[in-house]
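Step one of this worksheet: look at the structure below.
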Amino acid sequence: MSQTLQDLLDLLDLEQIEENIFRGRSRPAIIPRVFGGQVAAQALVAAGRTVPADRPAHSLHAYFLRAGDPGAPIVYSVDRIRDGRSFTTRRVVAVQHGKPIFHLSASFQAYEEGLDHQAPMPSAPDPATLPTSQERLHGYGHLDADVVERFLETRESVDLRYVEEPPYGAFGEPREPHSQVWFRTNGKLDCAADEPLLHVVLATYVSDMTLLDSVLLAHGRGGWAVGDVVGASLDHAMWFHRPFRADEWLLYDQESPSASGGRGLGQARIYTQDGRLAISVIQEGVIRVPR
């Protein structure tokens, strides 16, 4: 396992300070607030620590309430809403400085057989043929060197490869509101750390990195890296359909059906490399053009 991946696992390994209460820390983000994917992933860890291991997460719904302070710990309080025969429900509130910054509801289900169909996987090039984040970012002379380093630092635990140019790579003219990204952890998970919840948590962490890109593409905006928009995630929902591994390639196929009222909507499907639909994702964010 790579050291960068171990650092991410350490970040997600919350300290239990009381029954149903956990504490997490933060890592640097591209912008001076806690990365949304981090707080969502940590909240899911907190919820999962109160659920039997034979009930994997099948969905989460979350709201980002306040910007998180990366210099302060985050306390996660878990409310055990329901323990049914098939489903378990948890509610998690993340608190900093005495105020809630994030709210998550998650549902877990015991395995059962049922009807099975899925949308087909869209075509995409082999991830091995695509440039790495480092190769792409170091080729963008228009980006400030500090911005490039912050991008690389925050994504060093994830091998993330865009199929086409990201918004901050080519902007100024509207493009199709559709983006594809291959991703996997930067290294294989050791057996000692390998558990189903961890793969779901790692995918949750990555899911907030690029989902609103398609909104920016529709309007020819480069995003936060070039300063032509300001914004933040508002809410986030995920449905986990089939087992997958976060240390194997996953295709993140993203699009934006709408932007209005200072908000943009992104929706996506995540597929395993062999074509199984693993996850569905929807997120809305505030996206404003600076005056």
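None of the values given here were measured: they were computed from a predicted structure.
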What's the spacing between [X] [atom1] and [Y] [atom2] if we round to 0.5 Å?
X      : Y      : atom1 : atom2 : answer
Leu212 : Gln254 : CG    : CD    : 9.0 Å
Phe183 : Ser207 : CZ    : OG    : 7.5 Å
Arg155 : Leu160 : CZ    : CG    : 5.5 Å
Leu8   : Leu202 : CG    : CG    : 5.5 Å
Ser157 : Asp10  : OG    : CG    : 11.5 Å
Leu216 : Asp228 : CG    : CG    : 7.5 Å

Please check this pair: side chain of [X] against backbone of [Y], looking for a donor-acceptor N/O pair closer than 3.5 Å.
X      : Y      : answer
Asn186 : Glu156 : yes
Thr210 : Asp213 : no
Arg25  : Leu12  : no
Ser256 : Leu265 : yes
Gln109 : Pro56  : no
Arg175 : His219 : no
Asp247 : Thr185 : no
Trp182 : Pro125 : yes
Arg161 : Pro131 : no
Asp235 : Ala62  : no

Is it possible for you to say whether [X] and [Y] belong to one hydrophobic cluster, with membership spreading through side-chain heavy-atom contacts below 4.5 Å?
X      : Y      : answer
Val200 : Val78  : yes
Leu277 : Ile282 : no
Ile287 : Leu217 : no
Leu234 : Val281 : no
Val75  : Leu14  : no

>> Going by side chain to side chain donor-acceptor pair (under 3.5 Å), name the residues that satisfy it together with His58, two or more places apart in sequence or in a different chain.
In response: Ser107

> With Tyr76, which residues qualify under side chain to side chain donor-acceptor pair (under 3.5 Å), at least two apart?
Replying inline: Gln42

I'd like to check [X] versus [Y] (side-chain heavy atoms, cut-off strictly below 4.5 Å). Are they in contact?
X      : Y      : value
Gln134 : Leu152 : yes
Thr272 : Glu248 : no
Leu250 : Arg184 : no
Val147 : Trp224 : no
Arg150 : Val148 : no
Asn20  : Thr50  : yes
Asp83  : Thr89  : no
Val289 : Arg221 : yes

>> The criterion is ring-ring contact (aromatic ring centres under 6.0 Å, His included); which residues satisfy it with Trp249, sequence neighbours excluded?
In response: none

>> Do Asp253 and Gln180 pair up side chain to side chain, a donor and an acceptor below 3.5 Å, judged on atom types alone?
In response: yes

> Looking just at side-chain N and O atoms, do Thr88 and Arg55 make a donor-acceptor pair shorter than 3.5 Å?
Replying inline: yes

> Is the ring centre of Phe102 less than 6.0 Å from the ring centre of His236?
Replying inline: no

> Are the aromatic rings of Phe151 and Tyr168 close, with centres under 6.0 Å apart?
Replying inline: yes

Could you tell me which non-hydrogen atom of [X] sits nearest to which non-hydrogen atom of [Y], and how far apart they are?
X      : Y      : value
Ala106 : Leu44  : CB-CD1, 4.0 Å
Gln118 : Gly275 : NE2-O, 2.9 Å
Arg136 : Glu164 : NH2-O, 3.6 Å
Ala203 : Met238 : O-CE, 4.1 Å
Ala278 : Phe244 : CB-CD2, 3.8 Å
Val34  : Ser26  : CG2-OG, 3.5 Å

> Taking NZ, NE, NH1 and NH2 as the nitrogens, is one of them in Asp190 or Lys188 under 4.0 Å from a carboxylate oxygen of the other?
Replying inline: no

Heavy-atom count check: over 12 atoms from other residues, nucleotides or ligands less than 6.0 Å from [X] [atom1]?
X      : atom1 : result
Arg288 : CZ    : no
Arg66  : CZ    : yes
Tyr63  : OH    : no

>> Checking Leu65 against His103 for the side chain to side chain contact (heavy atoms under 4.5 Å, CB included) test, could you report, in this order, the C-alpha distance in whole Å, the side-chain angles of both residues, the deciding distance, and whether it holds?
In response: CA-CA 7 Å; Leu65 306 176; His103 172 277; 4.2 Å; yes

>> Please evaluate residues Phe35 and Tyr205 with respect to the criterion ring-ring contact (aromatic ring centres under 6.0 Å, His included), reporting the C-alpha separation (whole Å), side-chain torsions for both, the decisive distance (0.1 Å), and the verdict.
In response: CA-CA 9 Å; Phe35 169 51; Tyr205 178 84; 5.2 Å; yes

>> Is there a side chain to side chain contact (heavy atoms under 4.5 Å, CB included) between Ile101 and Phe64? Walk through the geometry before answering.
In response: CA-CA 6 Å; Ile101 65 167; Phe64 298 90; over 6 Å; no

>> Using the rule given for ring-ring contact (aromatic ring centres under 6.0 Å, His included), can you reason through Phe240 versus His199, listing the C-alpha separation, both sets of side-chain angles and the distance that settles it, and then say yes or no?
In response: CA-CA 11 Å; Phe240 306 101; His199 293 276; over 10 Å; no

>> Could you walk me through whether Leu251 and Met121 satisfy the side chain to side chain contact (heavy atoms under 4.5 Å, CB included) test, starting with their C-alpha distance in whole Å, then the side-chain angles of each, then the deciding distance to 0.1 Å, before giving a yes or no?
In response: CA-CA 9 Å; Leu251 177 66; Met121 181 180 183; 3.7 Å; yes

> Can Gln267 and Glu255 be said to form a side chain to side chain donor-acceptor pair (under 3.5 Å), step by step?
Replying inline: CA-CA 6 Å; Gln267 60 186 25; Glu255 63 178 352; 2.9 Å; yes

> Are Gln273 and Tyr271 close enough, and set up right, to give a side chain to side chain donor-acceptor pair (under 3.5 Å), and what steps lead you there?
Replying inline: CA-CA 6 Å; Gln273 196 169 12; Tyr271 293 85; over 6 Å; no

>> Evaluate Val226 against Phe171 for side chain to side chain contact (heavy atoms under 4.5 Å, CB included), listing each step before the verdict.
In response: CA-CA 10 Å; Val226 299; Phe171 53 94; 3.7 Å; yes

